[in-house]
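Report on the structure given below.
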Amino acid sequence: MKKLLLILTILPVMICCDRQESIDLSQLNLNEPIEPIINFEDRLLLGIETVEYPFCLLLEVEKSEKYSFDGIDLKGQKIIFQINSEKLKTDSITRFGGGHIDLRPIKSTKDLNDILGAFNAENKIYGVRIEMKTASLKSDILKKIQAKYGKGLKNPNTDNGLYWNVKSEHKYIFYAPDYDKLIILNNEYLSKTCYWDTFNGLIDFGGCDNAQYMQELVKNATKPEDVKNKPIIKIDKNWSINNLIVGQSNEGDFVKSETNKNFDRMDEISGSTGNISGIIYQNDYHDFYFYLSVNKINPDNKKENIINGFSINDFKKVDISFENGLKAGMKFENVVKLLDKKTIIDFDDLKFANYIEIKNTPYKVTLIFDKNMLFSGMFMK
């Protein structure tokens, strides 16, 4: 009997502790420090993911049992916290289109602080994005929101989206079922007239100056003409770059070269295994990147890590010359005339394209043209 009484005494305490660990996302002020609202035992990824929202840092939590929304269990739903980063108020991560993803696993306070420091980011959240993968979850969450804040306003940019501007709580709420997301933001330091993301489009809260708002989002962008210390790049007739040969030159060659200035090394991590799957040397200021395959057994063996690509996203930020006669800023038709059409992939379809792909077995060279069809960038991979 004493043992039974002891178990019964401990059990409520254990249940109480479990309840304390559960976090109701609907109750957050969205200015909380990061560590108390995460668990390093969960799968956590921190970094940039421009499909979601390009101008802040994202902290993704996958398959956690820690979160609920006003009594609704969110087990199995991805939770994404938004973190302010002044460094990311720039267009350099978004203007080349597509979904730029640079998410790194974090398993400790040191991992967290290292990435926050690298992005000049705050150690607190200002928003949360909740995945809603099922129709029943979408319905249940909408009922909870409408019971508390009313019916909401129709989002004119989506079929079923709604939004609320909760001034008393300094919050924006965006219900985006077409994209399986609920987004809640602390708007204390956000625009009070405009909001934009890829899932909601541009929302005008009244008096929105779209051009001024977008300029504010990228206020830290550097104009290409103002870039300093431009790297000197020479592309030879075989598309080698500064005597570095894609598919042959290794990491050691790059590290010892004159080209290796102002580059940061970043390991790409496989989400399924946690192993290093590739290496990127990045020079964000000049939009200049090298990509390397990695030795699976010993990723630190620089002789076995081979350059398998490079990209130069904006010729205005570098000093580039070509041995084959190409020049930065050339018109599309003039570039075509300089090239051997036998080397151009899908030559007959060029009239529909704003890029040119060139065979360079086993790799491919892609020449990029801007909205005025002027030669503006390139990559090889």
Side-chain angles (χ1 to χ4, degrees), residues 18-32 36-38 49 51-56 58-84 124-208 210 213 217:
D18 285 343
R19 285 176 181 165
Q20 286 177 345
E21 288 187 359
S22 178
I23 292 179
D24 183 349
L25 298 176
S26 72
Q27 297 299 312
L28 294 180
N29 294 318
L30 299 175
N31 58 8
E32 287 82 3
I37 62 171
I38 61 172
E49 210 272 57
V51 173
E52 282 283 347
Y53 189 76
F55 306 113
C56 69
L58 297 181
L59 174 56
E60 292 190 0
V61 186
E62 294 188 353
K63 299 179 181 179
S64 176
E65 300 181 4
K66 188 181 181 73
Y67 304 104
S68 63
F69 184 86
D70 199 3
I72 301 171
D73 188 1
L74 296 176
K75 179 181 177 181
Q77 303 298 314
K78 182 187 292 184
I79 307 299
I80 304 174
F81 295 107
Q82 293 186 205
I83 301 166
N84 182 49
K124 64 179 182 179
I125 65 168
Y126 78 93
V128 63
R129 308 170 83 81
I130 300 169
E131 187 177 61
M132 304 182 297
K133 279 295 188 183
T134 66
S136 59
L137 182 58
K138 292 174 186 177
S139 175
D140 291 344
I141 284 180
L142 179 58
K143 288 176 184 176
K144 293 285 189 179
I145 297 171
Q146 290 183 328
K148 189 172 183 179
Y149 299 113
K151 290 186 176 181
L153 297 172
K154 175 74 173 66
N155 183 338
N157 306 310
T158 63
D159 291 337
N160 302 293
L162 298 169
Y163 67 93
W164 293 259
N165 182 359
V166 187
K167 295 181 180 179
S168 60
E169 297 181 15
H170 304 291
K171 286 181 180 177
Y172 293 143
I173 301 174
F174 301 98
Y175 177 73
D178 307 278
Y179 298 96
D180 300 337
K181 286 292 189 302
L182 174 70
I183 300 157
I184 309 174
L185 304 173
N186 181 335
N187 66 18
E188 191 170 1
Y189 300 106
L190 302 180
S191 168
K192 301 302 185 292
T193 58
C194 307
Y195 175 79
W196 174 88
D197 71 19
T198 52
F199 293 166
N200 290 285
L202 182 70
I203 303 293
D204 185 345
F205 296 114
C208 174
N210 185 17
Y213 170 66
L217 287 181

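Please read these numbers as outputs of a predicted model, since none were measured by experiment.
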Original post:
What is the minimum heavy-atom distance between Phe205 and Lys192, and which atoms define it?
Top reply: CB-O, 3.6 Å
Subject >> Between CD1 on residue Ile72 and CG on residue Asp140, distance to nearest 0.5 Å >> reply: 5.0 Å
Subject >> Distance flag, aromatic centroids of Tyr163 and Tyr195, threshold under 6.0 Å >> reply: no
Subject >> Euclidean distance, Ser191 OG relative to Leu217 CG, rounded to 0.5 Å >> reply: 8.5 Å
Original post:
Can you check whether Tyr53's main-chain N or O pairs, donor with acceptor, with Arg129's side chain at less than 3.5 Å?
Top reply: no
**OP:** Taking all non-hydrogen atoms of both residues into account, name the closest pair between Asn187 and Tyr172 and its distance.
**Re:** ND2-CE2, 3.2 Å
Original post:
Nearest 0.5 Å, what's the CG-CD1 distance between Leu182 and Ile173?
Top reply: 7.0 Å
**OP:** Quick one: pull up CD1 in Ile125 and CD1 in Ile37 and give me the separation to the nearest 0.5 Å.
**Re:** 3.5 Å
Subject >> Ile184 versus Leu30, closest heavy-atom pair with distance >> reply: O-CD1, 3.4 Å
Subject >> Student check: side-chain heavy atoms of Leu162 and Ile145 closer than 4.5 Å >> reply: no
**OP:** Using modelled atom types only, decide if a donor and an acceptor are shared between the side chain of Asn155 and the backbone of Asn200 within a distance under 3.5 Å.
**Re:** yes
**OP:** Evaluate whether atom NZ of Lys154 has more than 12 neighbouring non-hydrogen atoms of other residues, nucleotides or ligands under 6.0 angstrom away.
**Re:** yes
Subject >> Full working for side-chain contact (heavy atoms from CB on, under 4.5 Å) between Asp24 and Ser68 >> reply: CA-CA 5 Å; Asp24 183 349; Ser68 63; 3.9 Å; yes
**OP:** Check whether any side-chain heavy atom of Phe81 lies under 4.5 Å from a side-chain heavy atom of Leu28, and answer yes or no.
**Re:** yes
**OP:** Output the distance between atom CD1 (Ile23) and atom NZ (Lys66), rounded to the nearest 0.5 Å.
**Re:** 4.5 Å
**OP:** Check whether any side-chain heavy atom of Leu74 sits under 4.5 Å from a side-chain heavy atom of Leu137, and report yes or no.
**Re:** yes
Original post:
Do Ile203 and Asn157 come within less than 4.5 Å of each other through their side chains, counting heavy atoms only?
Top reply: yes
Original post:
Do other residues, nucleotides or ligands put more than 12 heavy atoms under 6.0 Å from the CD atom of Glu65?
Top reply: no
Subject >> OH-OH distance between Tyr189 and Tyr126, expressed to the nearest 0.5 angstrom >> reply: 13.5 Å
Original post:
Do Gln82 and Phe55 have side-chain heavy atoms sitting under 4.5 Å apart?
Top reply: no
Subject >> Which atom of Lys138 lies closest to which atom of Tyr175, heavy atoms considered >> reply: O-OH, 3.0 Å
Original post:
Which pair of non-hydrogen atoms, one from Lys78 and one from Glu60, has the smallest distance, and what is that distance?
Top reply: NZ-OE1, 3.6 Å
Subject >> Validation row: Lys171, Asn29 side chains within 4.5 angstrom (heavy atoms) >> reply: no
Subject >> Ile79 side chain reached by Ile130 side chain, heavy atoms, under 4.5 Å >> reply: yes
Subject >> Closest approach of Lys181 to Ile80 (non-hydrogen atoms, all atoms of both residues) >> reply: CE-CD1, 4.2 Å
Original post:
Just wondering, do Phe69 and Gln77 contact through their side chains at under 4.5 Å, heavy atoms?
Top reply: no
Subject >> N/O donor-acceptor pair under 3.5 Å between Asp180 side chain and Glu131 backbone >> reply: no
